[in-house]
Amino acid sequence: MDRLILDHVLDHEANRANQVFFTQPLGGGPVQDYTWGQVVGEARRVAAHLQSLGLPRGARVAILSKNCAHFIMAELAIWLGGYTTVAIFPTETAETIKYVLEHSEASALFVGKLDTWPAQQPGVPKGLPCIAFPLAPAEARRDFDGWDAIVARTAPLAGRITRQADELAMLIYTSGSTGTPKGVMNTFAAFSWAAAAAGEFASERVGAGTDRRVISYLPLAHSFERTWIEGAALIEGTTHMFFADTLQSFIEDVKRARPTLFISVPRLWLKFQQGVFAKMPPAKLERLLKIPILGRIVAKKVLAGLGLDSVVYAGSGSAPLPPDLIRWYQRLGLKLGEGYGMTEDNSVSHTSRLDIDGQAEPGWVGVPMPGVEVKLAPDGEVLIRSPGQFTGYYKQPELTAASFTEDGFFRTGDLGERRPNGLLRITGRAKELFKTAKGKYVAPAPIENLLLAHAQIESCMVSGVGQVAAYALVVPAEDLRPRLADSALRNEFEVEMAALLERVNAELTDYEQLGLMVISRDPWTIEAGTLTPTMKIKRTRIETIVAPQVEGWYARGQRVIWA
Ligand code: AMP
């Protein structure tokens with residue numbers, strides 16, 4: 001690869017100095033624009049400041065912040081200064097923050113936009129140099145050196161700075177559905193390749209002009225957003241990137257951005273749909289959509305209500321998207337394609353190409369991106385090799401060695417099925433498989449997909465290790481939950497769930513069939529540790545929490561029960 005990500009960034013600094021790159025909400029309405037000149041200019045000054053701390057080349061510098069303009073400026077400062085980024089999810093607990101800072105031996109930390117900083121601060125080792133972003137909580141701005149003050153007093157690092165292809169650009173600690181986080185090592189070569197591949201995919205579909213707009217809101221600490229939104233924008237230089245203000249203002253933030261490219265994760269696609277259903281019952285919407293002309297107007301209105309009416313291409317990744325949900329968005333006229341990737345390949349692996357026959361189908365995750373090699377192991381495990389893949393898990397050589405085949409393919413841990421043209425379907429996750437007392441493996445994800453297709457279910461988990469049959473634990477949709485206090489509605493929901501259970505079982509083979517469905521009263525959350533920061537369910541955690549109740553559930557002998 002001849003040009004790495006910093007080469008592109010420094011070109012944009014020179015050629016696009018006055019072009020607006022970021023629009024950052026400042027809270028309560030006002031926004032601030034940053035041009036390419038300002039973005040790289042501030043990064044050069046902060047890079048000089050980091051060097052003044054005497055950090056050795058390659059030192060790890062951490063960022064703990066929700067997405068904001070300064071997150072990306074800080075990453076550029078880290079790269080320009082000669083260092084490696086370690087981004088920590090802004091929702092992480094003090095305990096995990098401490099683990100990641102210590103494991104990565106971070107030499108400094110940027111503290112940014114955060115909702116729970118006082119609870120997180122104990123995770124930061126005493127004496128670690130910290131820098132507060134302008135949007136950091138007041139306590140952090142009081143306690144630490146401020147970004148703006150550093151920019152004001154520091155001379156910029158000058159010149160055409162380069163990093164070597166094999167130097168580490170970042171460690172990405174993966175949330176992992178189980179166990180402690182692992183530090184995925186990404187070189188400049190791998191990240192640059194992946195970011196360029198993502199940018200090219202988007203350009204081919206959305207157009208390469210300067211009117212590409214995106215909103216950065218999925219956590220940048222995760223590889224999906226890092227590569228597809230940040231990385232692609234840094235390589236291409238043509239994107240106008242907006243950030244969100246708060247969770248409450250999210251729809252308004254999207255409407256401000258009017259994104260032309262929009263990516264999200266299944267749980268949020270489901271939430272957006274439920275938001276629509278809260279205003280208009282599904283059956284009524286379906287009726288309207290079928291009416292010629294009016295149907296198009298209604299569809300456009302629904303998308304406009306979500307702020308997505310300018311979207312030219314939308315993507316979903318990071319977990320399986322129920323096929324009916326994709327079809328629903330497609331009926332609204334949204335070009336939504338599912339992709340598949342993981343931290344270990346910088347989220348560049350498979351994408352759905354809706355514009356090419358046979359390269360997209362609901363329930364399938366698309367075809368390999370150019371340069372990605374794929375094969376299936378004899379047991380069905382998906383094996384992947386690409387120039388965008390990681391070089392190993394930080395300080396875990398044995399785990400690294402075990403993760404690759406002899407010929408250098410990464411063992412994804414996902415089970416798949418492929419069509420001759422490479423179209424891939426994920427059929428389960430090797431490590432999620434469990435056996436009921438029937439002695440045969442059950443893959444929970446496909447069953448969960450069937451359940452999640454129901455509009456009144458927000459999330460669910462299928463488990464039942466060693467039980468007579470598997471159980472499903474379901475969380476009712478957010479707008480429904482408070483209303484379930486009403487006993488009439490509860491009964492109605494119970495009847496509906498019982499019918500769903502029978503419908504789903506009818507699609508499953510004997511040993512996969514669900515013995516019972518348990519309705520959870522409480523939602524799963526990132527804060528409670530029952531969802532990963534990218535909002536996947538943490539199976540082992542949820543299983544541990546419910547473990548004391550499981551025997552009792554089965555003993556009741558009912559099909560549908562309340563937890
Ligand atoms: P992460 O490293 O957090 O991005 O997690 C990667 C894992 O998420 C993959 O190995 C898959 O198990 C899962 N995953 C990502 N995209 C999809 C998808 N479209 N369908 C099913 N599973 C997915």
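Just so it is clear, the structure is predicted and the values come from calculations on it, not from any experiment. Counting starts at 1 for both ligands and their atoms, following the listed order. What's counted below: heavy atoms across the whole structure, side chains too, no hydrogens, waters or symmetry copies.
- Residue contacts with ligand 1 include Tyr340, since one of its heavy atoms falls under 4.0 Å from the ligand.
- Compare Lys182, His350, His222, Glu344 by their heavy atoms: the one nearest to atom 4 (O) of ligand 1 is in His222.
- Heavy atoms of Gly341 come nearer than 4.0 angstrom to ligand 1 in at least one pair.
- Nearest to atom 10 (O) of ligand 1 by heavy-atom distance, out of Thr351, Thr412, Asp414, Thr532, is Asp414.
- Heavy-atom separations between Gly339 and ligand 1 include at least one value shorter than 4.0 Å.
- No side-chain donor-acceptor contact under 3.5 Å links Asp522 and Ser520.
- Among residues two or more places apart in sequence or in another chain, the ring-ring contact (aromatic ring centres under 6.0 Å, His included) test is passed with Tyr217 by Phe250, Phe262.
- The Val365 neighbourhood of ligand 1 comprises atoms 18 (C), 19 (N), 20 (N), with distances under 4.0 Å to a heavy atom of that residue.
- The ring-ring contact (aromatic ring centres under 6.0 Å, His included) check on Phe71 picks up nothing, with sequence neighbours excluded.
- Heavy atoms of Ser318 come nearer than 4.0 angstrom to ligand 1 in at least one pair.
- In terms of heavy-atom proximity, Leu270 sits nearest to Glu458 at CD2-O, 3.3 Å.
- Checked by distance only, ligand 1 and Lys536 come closer than 3.5 Å through their nitrogen or oxygen atoms.
- For the residue pair Thr187/Thr391, the side-chain donor-acceptor check at 3.5 Å is not satisfied.
- In the model, Glu338 has no side-chain atom that pairs as donor or acceptor with a side-chain atom of Ser352 under 3.5 Å.
- If you look at Thr343 next to ligand 1, the close heavy atoms, those under 4.0 Å, come from the backbone and the side chain alike.
- In this structure, Lys182 forms no cation-pi arrangement with Tyr394, as its terminal cationic atom is not both closer than 6.0 Å to the ring centre and no more than 45° off the ring axis.
- The atoms of ligand 1 that sit less than 4.0 Å from any heavy atom of Glu338 are 18 (C), 19 (N), 20 (N).
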